[in-house]
Amino acid sequence: MKSKYQKIKGTFDILPPETEVWQHIESTIHHICQQFSFQEIRTPAIESVDLFKRNIGDGTDVSKEMFVWKDQSGKEISLKPEMTAPVVRAYIESGFFRKYPLCKMYYIDSFFRREKPQKGRQRQFNQFGVEAFGTKNSEQDAEIILIATQILKKLNIDNTNLSINNIGDSDTRIKYESKLRNYFNDHKNSLSELSKARLEKNPMRILDSKEKEDQTIIKNAPMIKDLLSTEEKEHFSSVLTHLKGLGINYNENPYLVRGLDYYNGTTFEITTQSTGSQNALCGGGRYDSLVEKMGGPETPAVGFAAGIERIILEAKQELGKKNIDIYISCNDEKYTSKGLNIIQNLVENEYKIFFDTNKKNIKNQIKDAVKNNAKFMITINQEISVKNLISKKETNVSESEILPFLKNQ
RNA sequence: GUAGCCGUAGCUCAAUUGGUAGAGCCCCGCAUUGUGGUUGCGGUUGUUGUGGGUUCGAGUCCCAUCGGUUACCCCA
């Protein structure tokens, strides 16, 4: 049948039985985050445009891709394109910096970016993430990464690669970018066409160019770590020591940068080999100056965000069958109210039932029950019969005997 | 945003150089079965994504549009 309406580009329905996969992933996230005593935070779907433009960076792609509109009073509103800025806003607005000097929170939510859709890149997409405020100690960086790896492990996702880097503070990055631009300018003639185009706009992108001719030039490019302060270097090496101690394999990538302006210090990314170009499962790092910039007290912070759609592409798990306990047949309308009472009673006693309100004939109901792995079938007429679908034994019982009978099986 | 590929029944896909739109699965029913996961028979579903155009004739060719997908870009 042709539907009169179509879903909006870049959005998708999550239909049964696939919803079970989502439920499984979400409950794993809740469970692990709570094991680490991170508490869930939920924020509104909409925020004022300024919150994002000013803090994730006016020139970043994310801020250009926001869904923005003016409401009836002329205020500029945006659907949230990411969660860190809203979490920081809520953290400051609610005075959590006083209530929780060390504040650890996590979230699972939908976000919106008006990008060109692709597999693993939708316009409404789902992420979970964690944020820890109040310490700049390296063990906090390590704990954040540990949570990410634990969740992936629990979801049976392997073949992942953790890349890590330290990008210094914003001054360091500005210095680095100009140093890099100078370097590549000196070698401009040997660069690929693609990279020449990147030179002005985003010289750091050249660093992970796939073009063969760029490789040797990249090899000798200046590294950001040569510009780091002693303190930053120490912090970085201590994070790496923690990871080694935890047995978490990583790949030190001196060229890993992040797309949002607020990051500094440690940055990391978990990628997978199997998904094409949308291979970043998880990305994060420190943002030690964001809280202050947004009007709160000086508060260091670190966190990550992970894409649930991309994780689902990796976590191929089998979908369970319905596994109902009891299939209910009540085809004679004279006994409908009796049937409904029995159902109510069964559900209150924690049985999972399926009531065939469509009243198929009994033979097909049995087939249907077996197909859905039901253990019992209860047929309600004047008599009530309970059929054990495994032993195939059928027994007539009175209404009050149903529960004791089932318990005896 | 730029470029390429794709769009046929609920699902997976067929349809020879443009010539009457099909199959399997699923679903529903009937029958069969050592009488509940078998097997057989029958049935429903499509203005071939949409709108134009070329042609005697378009699923097939052209244009536009919508959607998907791949690469670039970027990111989770």
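These numbers come from the heavy atoms of this one structure, side chains and all, not from hydrogens, waters or symmetry mates. A note on names: the letters A, B, ... follow the listed sequences, proteins ahead of strands, and every chain is numbered from 1. Note that this is a predicted model, so its numbers are computed, not measured.
Rounded to whole Å, the separation between the C1' atoms of B:G7 and B:C13 comes to 13 Å. Nucleotides B:G36 and B:U20 have their C1' atoms positioned 44 Å apart, rounded to a whole Å. The P atoms of B:A14 and B:C74 are separated by 36 Å, rounded to the nearest whole Å. Taking atom C1' in both B:U45 and B:C28, the straight-line distance is 12 Å, to the nearest Å. Comparing the P positions of B:G49 and B:G42 gives an interatomic distance of 30 Å, to the nearest angstrom. Here, B:G59 and B:G51 have their P atoms 13 Å apart, quoted to the whole Å. Nucleotides B:U48 and B:C41 place their P atoms 31 Å apart, quoted to the nearest Å. If you take atom P in B:G29 and the same atom in B:G22, they sit 27 Å apart, rounded to whole Å.
Mapping A:Q6 and A:K387 onto RNA chain B by nearest heavy atom places A:K387 at the nucleotide closer to the 5' end. Mapping A:N388 and A:Y263 onto RNA chain B via the closest heavy atom, the residue that lands nearer the 5' end is A:N388.
Look at A:K75 and A:D71 and you find no salt bridge, because none of the NZ, NE, NH1 or NH2 atoms lies under 4.0 Å from a carboxylate O. Using a cut-off of 4.0 Å between Lys/Arg side-chain N and Asp/Glu carboxylate O, A:K352 and A:D325 are scored as not salt-bridged. With respect to A:R89 and A:E47, a salt bridge is recorded, a charged nitrogen being found less than 4.0 Å from a carboxylate O. Taking the charged nitrogens against the carboxylate oxygens, A:E65 and A:R123 have no contact shorter than 4.0 Å, which rules out a salt bridge. For the pair A:E298 and A:K293, the salt-bridge criterion is not met [side-chain N within less than 4.0 Å of a carboxylate O]. Residues A:E82 and A:K80 are not paired through a salt bridge, judged by the lack of any N-O separation under 4.0 Å between the basic side chain and the carboxylate. Look at A:K360 and A:D368 and you find a salt bridge, because one of the NZ, NE, NH1 or NH2 atoms lies within 4.0 Å of a carboxylate O, short of that distance.
Atom CG in A:N279 sits about 12 Å away from atom C1' in B:C74, given to the nearest Å. With rounding to whole Å, A:D368 atom CG is found 13 Å from B:C26 atom C1'. For the pair A:K367 NZ and B:U35 P, the interatomic distance rounds to 13 Å; values are reported in whole Å. Going from atom OH of A:Y5 over to atom C1' of B:U50 covers 16 Å, rounded to whole Å. B:C28 atom P lies 7 Å from atom CG of A:N364, rounded to whole Å. Note: CD1 (A:I311) to P (B:C75) measures 19 Å, nearest angstrom. Remark: P of B:A76 and CZ of A:F125 are 8 Å apart, rounded to the nearest angstrom. Going from atom NZ of A:K360 over to atom C1' of B:C28 covers 9 Å, rounded to whole Å.
Proximity of A:K371 to the phosphate of B:C27: a side-chain N or O atom is located under 4.0 Å from OP1 or OP2. A:Q118 has no side-chain polar atom (N or O) that falls below the 4.0 Å cut-off from OP1 or OP2 of B:G68.
Using a 4.0 Å heavy-atom distance criterion, A:L389 is classed as a base contact. Within 4.0 Å of A:K64, counting heavy atoms only, lies no atom of the nucleic acid at all. Among the protein residues, A:K363 comes within range of the nucleic acid bases, having at least one heavy atom under 4.0 Å from a base atom. Using a 4.0 Å heavy-atom criterion, one finds that A:N361 contacts the sugar-phosphate atoms exclusively. Heavy atoms of A:E269 sit nowhere under 4.0 angstrom from any nucleic acid atom.
The aromatic rings of A:F125 and A:F111 lie tilted to each other, with the angle between the two planes from 30° to 60°. Ring orientation note: the planes of A:Y327 and A:F354 are tilted relative to one another, at an angle of 30° to 60°.
Looking at RNA chain B, the stems built from 3 or more consecutive Watson-Crick or G-U wobble pairs, each pair with its key distances under 3.5 Å, are B:1-7 with B:66-72, B:10-13 with B:22-25, B:27-31 with B:39-43, B:49-53 with B:61-65.
Residue A:Q122 places its side chain closer to B:U69 than to any other of B:G1, B:C66, B:U69. Candidate nucleotides B:A76, B:C27, B:C74 were compared by shortest atom distance to the side chain of A:D61, and B:C74 ranks first.
For B:C74, the base has no donor-acceptor partner in the side chain of A:R113 [N/O atoms by modelled type, under 3.5 angstrom]. At a cut-off of 3.5 angstrom, counting only N and O atoms as typed in the model, there is no donor on one side facing an acceptor on the other between the side-chain of A:K9 and the base of B:U65. Below the 3.5 angstrom threshold, one finds no donor paired with an acceptor across the side chain of A:K116 and the base of B:G68.
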